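A, B, ... follow the sequence lines: proteins, then strands. Residue 1 opens every chain. Remember, predicted model here, so these are calculated numbers, not experimental data.
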Amino acid sequence: MAIITLLSDFGLKDTYVAEMKAVILSINPNAVIVDLTHEIPKYDIRLGAFALASAAPYFPRNTVHLAVVDPSVGSKRKPIVVETKKNMYVGPDNGLLMLAAETEEVNEVFEITQKRFMRKDVSNTFHGRDLFSPVAAYLSKGVQAKEIGKPLKMYSKPSFSSASTEDGFVDCEVLHIDSFGNVITNVRREDLFAIGARLGSRLRLGNRRFTFLQTYSDVARRSFLGLIGSHGFFEIASNQHNAARLLHLKTGKKLRLSVTN
Amino acid sequence: MAIITLLSDFGLKDTYVAEMKAVILSINPNAVIVDLTHEIPKYDIRLGAFALASAAPYFPRNTVHLAVVDPSVGSKRKPIVVETKKNMYVGPDNGLLMLAAETEEVNEVFEITQKRFMRKDVSNTFHGRDLFSPVAAYLSKGVQAKEIGKPLKMYSKPSFSSASTEDGFVDCEVLHIDSFGNVITNVRREDLFAIGARLGSRLRLGNRRFTFLQTYSDVARRSFLGLIGSHGFFEIASNQHNAARLLHLKTGKKLRLSVTN
Amino acid sequence: MAIITLLSDFGLKDTYVAEMKAVILSINPNAVIVDLTHEIPKYDIRLGAFALASAAPYFPRNTVHLAVVDPSVGSKRKPIVVETKKNMYVGPDNGLLMLAAETEEVNEVFEITQKRFMRKDVSNTFHGRDLFSPVAAYLSKGVQAKEIGKPLKMYSKPSFSSASTEDGFVDCEVLHIDSFGNVITNVRREDLFAIGARLGSRLRLGNRRFTFLQTYSDVARRSFLGLIGSHGFFEIASNQHNAARLLHLKTGKKLRLSVTN
């Protein structure tokens with residue numbers, strides 16, 4: 001079986017997504033295509049990265065994840081394949097793929113260069129269909145990433161793609177505020193372990209202190225807590241309350257989280 | 001072939017539906033997954049039940065229908081499998097599955113108890129992914145419902161799940177008012193037969209009388225009629241007019257329908 | 001492999017699209033079904049035709065395209081199969097299929113008449129499910145169009161289904177104004193070749209003159225140009241400007257385009 005997932009900001013009104021599927025099925029008729037979502041707000045790379053990283057862990061090994069949120073299509077930004085310990089990611093070199101890829105440990109990143117794995121006429125405006133889709137289809141048929149391009153040493157690693165841990169603290173960033181006001185960061189369980197935090201540990205953010213727990217109802221109403229959400233990232237929440245508003249936090253805000261015990 | 005259908009109130013912006021598909025395909029790579037709809041208004045069990053019951057009859061025998069409109073996820077409401085003469089239904093024990101299941105005649109209802117058919121960490125908030133999806137995938141591979149759980153005698157049968165017939169009348173309920181104002185009830189063709197109604201019979205609702213016919217244009221403009229809609233349920237309509245408004249009927253309203261001939 | 005594509009104005013809230021898939025899979029369990037879009041504005045045949053013609057070229061040979069934008073369902077408009085040099089199209093005889101079909105060259109058009117390739121009870125309101133879906137499924141299994149119906153000589157060819165070329169000019173029509181204000185016509189590359197236009201040729205529309213080029217940035221900002229868009233049709237654009245507004249053009253407007261070199 002070869003699963004290819006698709007994520008984009010194309011929406012479902014136009015036939016863009018269908019055209020990508022047409023190209024994929026023309027090359028690999030046995031591909032099983034799963035839409036992650038096509039309702040990412042236009043050009044919102046950070047939210048696209050969060051959605052991709054949230055869904056990818058549930059797919060079996062050797063899935064090919066194709067993601068396109070690509071405000072710089074047609075410019076010099078490179079088309080890439082990211083090979084991780086578990087999967088392949090195909091898309092633009094703008095950070096979109098890296099949050100998910102870093103979770104699985106990156107083997108190597110390749111710039112897509114071989115024209116024989118692209119459509120004949122690559123438009124300037126629709127690399128999703130003309131370049132990324134054929135590449136994903138060939139990867140799903142067993143073509144190796146190294147056949148499709150050349151190793152890329154310098155690639156985009158935006159600040160949100162991984163948190164950085166030091167002795168006793170982690171420098172991180174707000175990835176997303178969900179509709180409940182929960183503040184989702186780019187910190188993973190491993191990052192917390194690395195700084196010595198365990199379930200029950202006391203954490204500090206600015207002058208706020210709260211406990212690392214399992215679920216919202218582990219604290220009194222309106223109290224703060226930290227937990228790993230179902231998306232796999234650390235979030236700061238307030239039981240039945242809007243934590244983002246209380247903490248004046250927005251997407252993209254840089255934070256330092258430390259252990260106090 | 002193993003078809004699994006999905007219905008939910010999750011929408012398509014988030015990756016929740018994709019995560020369910022990922023779990024299903026991890027267990028049964030050959031499953032053919034069909035989305036019924038994910039645009040059920042949040043927590044609207046009745047409308048979810050109506051949508052499931054409308055679509056299910058068109059699927060082949062042995063389809064597994066997974067439906068999640070689940071306001072009480074994480075509470076004591078039980079996860080169930082309903083085995084009918086034709087299909088399997090997987091979802092919460094809140095009535096969502098019963099309107100469709102009753103149409104096909106229920107063999108047995110099982111409470112899902114066997115942890116080996118669930119994901120390792122079942123979250124409190126997302127049984128769709130962690131519990132219902134793996135169970136549906138195993139059922140689609142031929143696992144028997146009785147291996148997955150234990151027979152459940154007391155399960156939720158909300159008033160809308162079936163109409164009740166007596167000699168000459170049927171006690172029923174308004175399931176849904178569609179965008180034309182047609183009043184769709186939970187009465188099936190069999191229920192009408194059971195009370196002696198045939199095409200052409202005169203029916204009575206309160207002090208209104210109308211005929212059981214085939215299509216809207218069988219009566220004059222603005223006249224009332226009853227018919228079996230394409231969803232398979234009995235509806236009360238007014239040709240080119242809003243029957244619900246004229247009759248002051250709303251979703252959930254209890255009705256008594258009788259034959260007058 | 002047998003690909004069936006679906007296009008409609010049904011939206012994704014209701015289960016109509018799922019019911020079509022259920023019918024198809026009941027007949028051909030191996031069909032690979034791809035949604036083109038179901039968000040065509042209600043009854044907008046012209047936009048449906050444009051979407052179908054935009055996406056169809058990317059699918060492999062022998063795809064069956066099922067499209068339903070059908071304001072006259074239940075009336076005397078005929079259900080048809082259009083057999084082209086490359087594919088099959090199934091839908092209502094209202095012009096919806098012809099823009100795509102003409103691009104591939106039409107072999108023959110058939111009126112669907114054989115009841116054994118339809119569902120037992122064909123509703124008056126939902127031919128998509130009861131008539132077009134089973135026909136598409138049988139076609140995807142190798143049944144010939146001529147077995148399903150009888151040749152139809154007189155079928156609907158709306159003005160938008162093809163442009164007409166004369167010596168030095170083409171009479172055409174505005175198919176669609178996209179969100180950038182680009183004016184997409186029903187003129188294909190072949191039509192321009194037929195009137196002697198090549199890349200770099202000067203074209204005239206009313207008292208406006210512009211050049212046939214490859215991409216928007218080939219001209220100065222706010223200058224007009226003509227190009228073949230990624231949908232395969234000729235469009236009149238203004239670099240970073242709203243051409244439709246500047247030219248006072250709307251969908252459906254008839255145009256005469258001529259070569260001036």
>> Using every non-hydrogen atom in the two residues, find where Ala18(B) and Asp35(A) come nearest and quote the distance to one decimal.
In response: CB-O, 3.5 Å
>> Give me the atom names and distance for the closest heavy-atom approach of Pro60(A) to Ala22(B).
In response: CD-O, 4.2 Å
>> So for Ile40(A), is it side chain, backbone, both, or neither that comes closer than 4.5 Å to the heavy atoms of chain B?
In response: neither
Does [atom1] in [X] sit with more than 12 non-hydrogen atoms of other residues, nucleotides or ligands closer than 6.0 Å?
X	atom1	answer
Glu147(B)	CD	yes
Lys42(B)	NZ	yes
Lys86(A)	NZ	yes

> Residues in side-chain contact (heavy atoms from CB on, under 4.5 Å) with Asp14(B), at least two apart?
Replying inline: Tyr16(B)
> What residue among Lys21(B), Arg129(B), Arg119(B) forms side chain to side chain donor-acceptor pair (under 3.5 Å) with Tyr58(A)?
Replying inline: Arg129(B)
> Of the options Thr5(A), Leu52(A), Thr37(A), which is the one that meets Thr15(B) in a side chain to side chain contact (heavy atoms under 4.5 Å, CB included)?
Replying inline: Thr37(A)
> How long is the span from the CG atom in Leu25(B) to the CD1 atom in Ile3(A), to the nearest 0.5 Å?
Replying inline: 4.5 Å
